2 protein chains.
Amino acid sequence: MAVTIRDVAKAAGVSPSTVSRALSLPDMVDPATRERVLRVADHLGYRPNRAARGLITGRTGNLGLILPDLANPFFPSVVKGIQHQAHQADYQVFVADSDEDPGAELGLVRSLAKQVDGLILCSPRMRPAELREAATFAAPVVLVNRKEGSIPAIAIANAAGMRLIVDHLAGLGHHRIGFVAGPRSSWSGRERLRGLRVAATATGTELVELGHFPPTFEGGVDAAEGALISGVTAVVAYNDLTAFGLLSALRARGVDVPGQLSVVGIDDIQMATMVHPPLTTLNIPKERTGRASVDLLLHLLGERADIPDRVREMPTELVVRETTGPINSTSQQSARRTPRR
Amino acid sequence: MAVTIRDVAKAAGVSPSTVSRALSLPDMVDPATRERVLRVADHLGYRPNRAARGLITGRTGNLGLILPDLANPFFPSVVKGIQHQAHQADYQVFVADSDEDPGAELGLVRSLAKQVDGLILCSPRMRPAELREAATFAAPVVLVNRKEGSIPAIAIANAAGMRLIVDHLAGLGHHRIGFVAGPRSSWSGRERLRGLRVAATATGTELVELGHFPPTFEGGVDAAEGALISGVTAVVAYNDLTAFGLLSALRARGVDVPGQLSVVGIDDIQMATMVHPPLTTLNIPKERTGRASVDLLLHLLGERADIPDRVREMPTELVVRETTGPINSTSQQSARRTPRR
DNA sequence: CTGAAAGCGCTAACAC
DNA sequence: GTGTTAGCGCTTTCAG
């Protein structure tokens, strides 16, 4: 069996409580004894049993994270930020992937809630009522990439971001801009649509809704046809993965980007710079968002003195690369690269 | 406070032990009582406290997963497989990312070991001695993508895979093949090098070692120059990400792929089909590998009757796409697509 | 088949 | 400052 606090106590010639104190409340014990206890503990290879501690303190030292799809590179980045900050504060994190199934999320919340001190719901797809129910399950909840009532959240400044995109496109001369929306269940998808609408009116451009598609490469592929027949000169994709799918389908049809059609993504995943042409996209500070969500959670748990806002918006930044260009430049542009079919 | 087993007992008019049994050992209790207890429990919204249970059973119901870098798309796929299988068996999983720091791994093992029933070390970078030490920390350990002594493992059939690659390339007429190795700390990197050497001798081709690079896009970019001056006609990259970097740098230099140089990756990450040209690569069944590792772990925990091998190799498959082609076809090929600079 | 009692490893009053 | 006691929520002998 593993070495317990009693073993340490015995070996150090003190009582279990003294060992406990030496470990958790260092200044409640005589420096000399503490020193000795710590040395003995270390020597015996003592590791506190967090479950036992949690049973009495009510703290598990664990955080839970639920997200829609780890295969979307956006999420691993957020996860890295979350883990970094969590480990920093000596928390471990449970990660659970709902596979884009809104129905699965509540179940995951339920099974995680009792084993964690707090829950981070990243881009949750569940309905508002469910979300509020989820926020009810004992452990404090922080939303990432979504807002709902007064539930603490780290959101993205979507409206401002959409404005950056539309301004960029309008500046390039585009008047009709298409939007490939993500899943209907996506809050940020709706937010982005809303932001795009506002920005379009503000800049006097027309926004064409190209429909809802899965937030994947395939979704983008499927959206290409509609984008083409809609007669827009630029299209904004729900996220970078979708933009890649769009780009791939456009290339297959011999459509020159950005000569005939400009494409902009959202997220700025690492791959955006790796593909050719590199993708113009709206950067979201993914790791920072992850870290911020942990900070907020720790604050809620009373581990942080500083008081972050309960709902905070992360800034975005437009990264102009090569998939956007001026309108009406078809002829020169398309001569540069001959389509493969 | 949350509803406990005693609340249920009281409400159902039985003792706590009966409730416990009704939940965990259904057939040790009268069907009628069990039924009633279960209904009451459900009605009260009772959720067992796993930490408390674990304290006595010694089982936490948790699994730990340590991997080098979530940002490499290879890993999220494995994680998905692991989670799927783990949730299936009602286990939750802690995920920890070491950020490619071999030194951090042992620490993660330590901090996770006591809170889990088993540990999956995915592509661990630590040294053999450390690995054996890690396998010593109470919780059973399963290695993924590595073999070490008799530690249970799910490895990849690297030798066979390398043979597939070399055969493909040799069949295309290539005689000098370069290998961009990953980090020195990577076991599979060394395995692959070994396999490549064997395959090269077997097919009468020459293997040129291009040096060690980080297993990232940037690593591939940095490796390009060396590949070019080495005079090889084909290069095998440590993984797909590295292959992408290579491809990107080659394009920037106006080198036609596969006209002047063939490139093959390893992993077959989702992005391999999304880039242009699509990457020829060695498929590794990532989700299956993840699932297999959980199966093995559960077996070790006595939850599985069937006896999987303690060390199992997952098969690979070569997926030929467009970055490999016959040698000496430079002239026709390069006319097809004009480099951008 | 069911209840009473003990105790998993730890911390938190409460004494001393 | 330190030891003693009780008990977190649960399972598991041991009786009945």
Side-chain angles (χ1 to χ4, degrees), chain A residues 1-38 40-41 44-62 90 111 113-117 137-139 302, chain B residues 1-38 40-41 44-62 90 111 113-117 137-139 302:
Chain A
M1 213 41 197
V3 25
T4 81
I5 206 171
R6 306 165 80 106
D7 300 325
V8 178
K10 205 158 297 175
V14 295
S15 79
S17 14
T18 301
V19 177
S20 172
R21 283 190 278 254
L23 263 41
S24 316
L25 303 75
D27 18 56
M28 275 189 64
V29 53
D30 185 283
T33 7
R34 169 176 15 130
E35 186 69 20
R36 183 158 40 94
V37 169
L38 259 31
V40 172
L44 261 45
Y46 170 76
R47 309 246 95 204
N49 180 328
R50 299 183 77 148
R53 173 182 297 177
L55 203 51
I56 180 153
T57 60
R59 288 295 184 84
T60 61
N62 301 330
D90 203 28
S111 57
K114 300 292 283 275
Q115 315 187 53
V116 301
D117 295 337
F137 281 118
Chain B
M1 212 42 200
V3 24
T4 81
I5 207 171
R6 305 165 80 104
D7 300 325
V8 179
K10 206 158 295 177
V14 295
S15 77
S17 9
T18 301
V19 176
S20 172
R21 283 190 278 254
L23 264 39
S24 315
L25 303 75
D27 19 57
M28 276 189 63
V29 52
D30 185 283
T33 352
R34 174 182 5 137
E35 187 68 19
R36 181 159 42 94
V37 169
L38 258 32
V40 172
L44 261 46
Y46 169 75
R47 307 247 99 203
N49 180 327
R50 298 183 79 148
R53 173 182 295 179
L55 203 51
I56 181 156
T57 61
R59 288 296 184 82
T60 61
N62 300 331
D90 204 28
S111 58
K114 300 291 284 272
Q115 315 188 53
V116 301
D117 295 337
F137 281 118

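Naming convention: chains lettered A, B, ... in sequence-line order (proteins, then strands); numbering from 1 in each chain. None of these values were measured; they are calculated from a predicted model.
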Can you check side-chain contact (heavy atoms from CB on, under 4.5 Å) on A/Asp117 and A/Arg59, steps first, answer last?
CA-CA 6 Å; A/Asp117 295 337; A/Arg59 288 295 184 84; 3.7 Å; yes
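Distances were taken from every side-chain heavy atom of A/Asp30 (C-beta onward) to each of D/dT2, D/dC10, C/dT2; the shortest belongs to D/dT2. Listed nucleotides: C/dC1, C/dG9, D/dT11. Nearest to the side chain of A/Thr4: C/dG9. Checking C/dG9, D/dT4, C/dA12 against the side-chain heavy atoms of A/Asn49 singles out C/dG9 as nearest.
Rounded to an integer number of Å, the gap from A/Arg59 CZ to C/dA12 P is 11 Å. The distance between atom CZ of B/Arg53 and atom C1' of D/dG9, rounded to the nearest whole Å, is 11 Å. The nearest whole Å value for the distance from the CD1 atom in A/Ile5 to the P atom in D/dT4 is 14 Å. Going from atom CD1 of B/Ile56 over to atom C1' of C/dC10 covers 15 Å, rounded to whole Å. Between the P atom of D/dT11 and the CG atom of B/Leu55 lies a distance of 11 Å, rounded to the nearest Å. Following rounding to the nearest Å, A/Lys114 (NZ) and D/dG9 (P) show an atom-to-atom distance of 9 Å. One interatomic measurement links the two molecules: CZ of B/Arg6 to C1' of C/dA5, which rounds to 11 Å at whole-angstrom precision. A/Gln115 has its CD atom 13 Å from the P atom of D/dC10, to the nearest Å.
Qualifying side chain to side chain contact (heavy atoms under 4.5 Å, CB included) partners for B/Arg21, counting only residues two or more places apart in sequence or in other chains: B/Ser17, B/Thr18, B/Met28. Residues passing the side-chain hydrogen bond (donor to acceptor under 3.5 Å, both in side chains) test with B/Thr33, sequence neighbours excluded: none.
Side-chain contact between B/Val40 and B/Val19 is absent, with no heavy atoms from C-beta onward closer than 4.5 Å.
Between B/Arg50 and B/Gly61, the shortest heavy-atom distance links the atoms NH2-CA, 3.4 Å. Nearest heavy atom pair, residue A/Leu55 against residue B/Ala52, reads CD1-CB, 3.6 Å. Between B/Ser24 and B/Arg53, the shortest heavy-atom distance links the atoms OG-NH2, 4.2 Å.
For residues 17-25 of chain B, proximity to DNA chain C is found at B/Ser17, B/Thr18, B/Arg21, defined as any non-hydrogen atom under 4.0 angstrom from a strand atom.
Nearer to the 5' terminus of DNA chain C, by closest-nucleotide assignment, is the contact made by B/Pro16 (compared with the other of B/Pro16 and B/Ala52). Projected onto DNA chain D by closest heavy-atom contact, B/Met28 and B/Ala51 fall at different nucleotides, the more 5' of which corresponds to B/Ala51.
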